[in-house]
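Since the model is a prediction, treat every value here as computed from it, not as a measurement.
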Amino acid sequence: MKQEVFIEKLTKEGFPEPVLVEREVGGFLDLHSHPYEVQALIIEGQIDIIIGGIKSTFLAGDVFHLLPNQIHTENYGAKGVKYLASSKSLLNQEELSV
C-alpha cells in the first residue's frame, strides 16, 4: 500500500496522523499488548508478529493491524524495520460516540 492511501484510510477510520517508528536490527519484544488499536504501514525492513501462535511477516508496503489488548510478540528483521504507525484508543472512540 502506498503512504498516501494508508493515510487516507486512517483518516476515514478516525485514526490520528501516523508517526515514524524505527526498530533495531534483530530486535525482539516478548509477549505484550497495547491498550489501543494500531495500524501500521511498513516503510523499510521486516517485522514478524506472532499472535496466538501464528506468525505473520510484514515487508515494505504491507499493513498490520492490532486490536486493543491483543497479545503478541514482535521480531525485527536483519535490516530492522521502519513503519508509520497510528493508534486509536477505545476511550476516544467511546467519547466520540457519546
Just wondering, are more than 12 heavy atoms of other shown residues or ligands nearer than 6.0 Å to CD in Glu24?
yes
Where His72 and Gln70 come nearest, the two heavy atoms and their spacing
ND1-O, 2.9 Å
Within the supplied structure, the quantity of interest is the number of heavy atoms (other residues, nucleotides, ligands) at a distance under 6.0 Å from Leu29 CG; does it exceed 12?
yes
Consider only side-chain heavy atoms of I, L, V, M, F, W and Y, link residues closer than 4.5 Å, and tell whether Phe28 and Tyr76 are in one cluster.
no
Is the shortest heavy-atom distance from the side chain of Pro18 to the side chain of Leu10 under 4.5 Å?
yes
Residue pair Gln3, Ile43: steps toward the side chain to side chain contact (heavy atoms under 4.5 Å, CB included) verdict:
CA-CA 9 Å; Gln3 288 185 37; Ile43 304 298; 3.5 Å; yes
Does some side-chain heavy atom of Gln46 sit less than 4.5 Å from a side-chain heavy atom of Asp48?
yes
If you take the centroid of each ring, where Trp contributes its six-membered ring, are Phe58 and Tyr83 closer together than 6.0 Å?
no
Measuring from Glu22:CD to Glu44:CD, what's the distance to the nearest 0.5 Å?
8.0 Å
If I take atom CG from residue Leu67 and atom CD from residue Gln39, how far apart are they, to the nearest 0.5 angstrom?
9.5 Å
What pair of heavy atoms forms the shortest contact from Pro16 to Ser86, and how long is it?
O-OG, 2.6 Å
With no hydrogens and no angle check, is any side-chain donor or acceptor of Ser89 less than 3.5 Å from a backbone partner on Tyr36?
no
Contact check, side chains of Leu84 and Leu20, non-hydrogen atoms, under 4.5 Å:
yes
Test log, rule side chain to side chain contact (heavy atoms under 4.5 Å, CB included), inputs Leu66 and Ile51:
CA-CA 9 Å; Leu66 297 170; Ile51 300 171; 3.7 Å; yes
Can you find a heavy atom in the side chain of Arg23 that is under 4.5 Å from one in the side chain of Ile47?
no
Where do Pro68 and Glu37 come nearest, in terms of heavy atoms and distance?
CG-N, 3.7 Å
Heavy-atom distance under 4.5 Å between the side chains of Phe64 and Asp62, does that happen here?
no
Where Lys88 and Gly14 come nearest, the two heavy atoms and their spacing
CD-O, 3.4 Å
Please check: side-chain N/O of His65 versus main-chain N/O of Val63, any donor-acceptor pairing under 3.5 Å?
no
Do Thr57 and Leu59 make a side-chain contact, defined as non-hydrogen atoms from C-beta onward lying under 4.5 Å apart?
yes
